[in-house]
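We name chains A, B, ... by the order of the sequence lines, and we start the count at 1 in each one. None of these values were measured; they are calculated from a predicted model.
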Amino acid sequence: MELSAIGTGFNYALTCPAQSYFPLIPSASAPTTTTRKRILNAPPQLQQHHFSKNPGMNRNHRRQVVKGVTRSPTWPDKLPFLKLEGTLKVQDLNVILRNFGKQSRWNDLSQLFDWMQQNDKISVASFSSCIKFMGKSLNPMRALEIYSNIPDEAIKSNVFICNSVLSCLVRNGKFDISTKLFHKMKQNGLTPDVITYSTLLAGCIKVKHGYSKALDLVQELKYNGLQMDSVMYGTLLAVCASNNQCEEAESYFNQMKDEGHSPNIFHYSSLLNAYSAVGNYRKAEELVQDMKSLGLVPNKVIRTTLLKVYVRGGLFEKSRELLLELEALGYAEDEMPYCLLMDGLAKAGNINEARSIFDETKEKVLNLELCSSLIFYLGKTKAHPEAFSVYTMLKYGKRTMCKALHEKILHILLSGQLLKDAYVVVKDNTELISQAAIKKFANAFMKLGNINMINDVMKVIHGSGYKIDQELFQMAISRYIENPEKKDLLLQLLKWMPGQGYAVDSSTRNLILKNSHLFGRQLIAEILSRQQMMSKALKSH
DNA sequence: CTAGGGTTAG
């Protein structure tokens, strides 16, 4: 997405009518630029009443019509009628617009908005609502387009509209674009308010160097004579927590209280989260106490975060106690707390304890999500056989497994060098496993797998459509040369190759010839010449 | 009428 596109829209929109993607009434002509300018330039109170040509239309009746249009499956049919009758005011249409948005009816919303634009039934609120919902429907491009097609500079600098555009960008991970647009908006006359800054601040949570960017915004806000509010503090705390600014989080928390804002559960949660990064359990406990004393009840997130603090701090006794508490409260229905604890234990080198957590967990909750997660954690904690046992448990439980799980377990088995199990997984799921994973498996198997199964592996991976490369053949053949008692297997492999279109390359052939006394010179020579003939025959075609 | 936030976890 290019910011320059936004710039061109400023001028473009002055000469071209706004585009409509779903023209509802082909005959309806787009409003002239001058009409639209007049309307959009009108002071807010005028905009509200501009269209009420039938001011006598009773409020209840309008409310009914709004309901009817919202509910009607063929609602666009009613629009021409509504226009002629002047039944609905702009604010009524805005209500419908918001209803569509609330119900995630993005197409309906888009159609209605286009119609409103074409029929001059539009206000600042229509724009800000519409843009907001474009952000929710993950369509920031469309929002930007709507914004850039606004013909009037004054409307374009309206703080509600600007805030909704910026929010839409931030929400969709376009922080950089939102920052650039913000500067442009200011140049074009926007006077930002607390909400503008708060919106941008939220973008700092998931962004690189978010903390320093957040500080810049806060500084600018203060320079403009604005004051931080409770929402902004909450966002700022979240920024601190996600940027490991523990002390700063603490100081903002106190500052916020000093300024008379009382923290809610989210403020506490963010600060606690900041503590968890450093495993400062004393402060964390103190904070939870403080929270309780204000009458706030620690919820699932608070308790789980506290668990994280204990785990990070290596306090496994306390962790286990808290886990029991979480269970008792019904806060442990997902695998997260177990995984947290297992993970911490494993990192601390306490694998046995981690395994016992796993065993307990297995007894309590057994769902796909959990198993998948457990497999992941067990793999990570080098408990590869346990990971595989969860996998087989799932498989024989006749559960529908997600495709990715097979490949996931394959990687785990490979890193645990459980090659025989890996072979079974590949064999049973060839079509679900990527070429890259097959290659990784094949290489590992040729290097260290059971020599008696090398040929079977070759056949299986070939059968899966994988093109076996020379490196792999060389690895296999080297294994056989190191183990001359397996000469039958070598001969079998060499005989199998030409039938599938494979032939050894010259370096491998030399390797075999050099060691041919181990396998029978005559036989080897015959097989190799057959391979060469095949290979030549293939090339000549 | 309309615009802003947030917590755990790969």
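- Side-chain proximity of A/His267 to B/dT2, B/dG4, B/dG6: nearest is B/dG6.
- Contacts of A/Arg303 with the nucleic acid, taken as non-hydrogen atoms under 4.0 Å apart, are absent.
- Proximity of A/Asn273 to the phosphate of B/dT8: a side-chain N or O atom is located under 4.0 Å from OP1 or OP2.
- For A/Ser129, counting side-chain heavy atoms from C-beta on, the closest listed nucleotide (B/dT8, B/dG6, B/dT2) is B/dT2.
- Rounded to whole Å, atom C1' of B/dA3 lies 11 Å from atom CZ of A/Phe133.
- Nearest to the side chain of A/Met336, among B/dG6, B/dA3, B/dT8, sits B/dT8.
- Contact between the side-chain N/O atoms of A/Lys308 and the OP1/OP2 oxygens of B/dA9 is found at a separation under 4.0 Å.
- Of the listed nucleotides (B/dA3, B/dG5, B/dT8), B/dA3 has the atom at the smallest distance from the side chain of A/Phe160.
- If you check every strand for non-hydrogen atoms under 4.0 Å, A/Ile205 touches sugar and phosphate atoms only.
- The side chain of A/Ser123 lies closest to B/dC1 when the candidates are B/dG6, B/dC1, B/dA3.
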Salt bridge (Lys or Arg N to Asp or Glu O under 4.0 Å) between A/Glu407 and A/Lys440, intermediate numbers included: CA-CA 11 Å; A/Glu407 189 157 331; A/Lys440 185 175 162 189; over 6 Å; no
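- Counting atom types as modelled, A/Asp229 pairs a side-chain N or O with a base atom of B/dG4 as donor and acceptor under 3.5 Å.
- Other residues, nucleotides and ligands contribute more than 12 heavy atoms inside 6.0 Å of the NZ atom of A/Lys257.
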Check the pair A/Ser126, A/Ser123 against side-chain hydrogen bond (donor to acceptor under 3.5 Å, both in side chains), reporting the backbone distance first and the verdict last. CA-CA 5 Å; A/Ser126 328; A/Ser123 68; 3.2 Å; yes
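- Each of B/dG4, B/dG5, B/dC1 was ranked by its minimum atom distance to the side chain of A/Thr199; first place goes to B/dG4.
- To the nearest angstrom, C1' of B/dG6 lies 17 Å from NZ of A/Lys300.
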List the steps and the verdict of side-chain contact (heavy atoms from CB on, under 4.5 Å) for A/Gln117 and A/Phe127. CA-CA 10 Å; A/Gln117 259 191 315; A/Phe127 278 101; 3.9 Å; yes
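- Distances from the side chain of A/Asn264 to the nucleotides B/dT8, B/dG6, B/dC1 place B/dG6 closest.
- When the P atom of B/dA9 is taken as reference, atom CG of A/Leu326 falls 13 Å away, rounded to whole Å.
- A/Val194 comes within 4.0 angstrom of a base, heavy atoms only.
- Set against B/dA9, B/dA3, B/dT2, the side chain of A/Val124 has B/dT2 as its closest nucleotide.
- Between A/Tyr252 and A/Tyr233, the ring planes lie tilted relative to each other; the angle falls in the 30° to 60° range.
- Within 4.0 Å of A/Asn158, counting heavy atoms only, lies no atom of the nucleic acid at all.
- Ring geometry for A/Trp75 versus A/Phe100: interplanar angle of 30 to 60°, hence tilted.
- For A/Ile195, the listed nucleotide lying nearest its side chain is B/dG4; candidates were B/dC1, B/dG4, B/dA9.
- Donor-acceptor pairing under 3.5 Å, judged by distance alone, is present between the side chain of A/Ser198 and the base of B/dG4.
- Side-chain to base pairing of A/Ser128 with B/dT2: one donor and one acceptor N or O lie within less than 3.5 Å of each other.
- If you check every strand for non-hydrogen atoms under 4.0 Å, A/Ser230 touches a base.
- Atom CG in A/Asn163 sits about 14 Å away from atom P in B/dT2, given to the nearest Å.
- For the pair A/Leu323 CG and B/dT8 P, the interatomic distance rounds to 19 Å; values are reported in whole Å.
- Taking atom OH of residue A/Tyr147 and atom C1' of nucleotide B/dT2, one finds them 15 Å apart after rounding to whole Å.
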Would A/Ile357 and A/Arg320 count as a side-chain contact (heavy atoms from CB on, under 4.5 Å) here? Give the steps. CA-CA 9 Å; A/Ile357 294 282; A/Arg320 292 208 74 148; 3.4 Å; yes
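- Computed from coordinates, the A/Arg171 CZ to B/dG6 C1' distance equals 13 Å when rounded to whole Å.
- Using a 4.0 Å heavy-atom cutoff across all strands shown, A/Asp193 reaches at least one base atom of the nucleic acid.
- Note: OH (A/Tyr197) to P (B/dA3) measures 21 Å, nearest angstrom.
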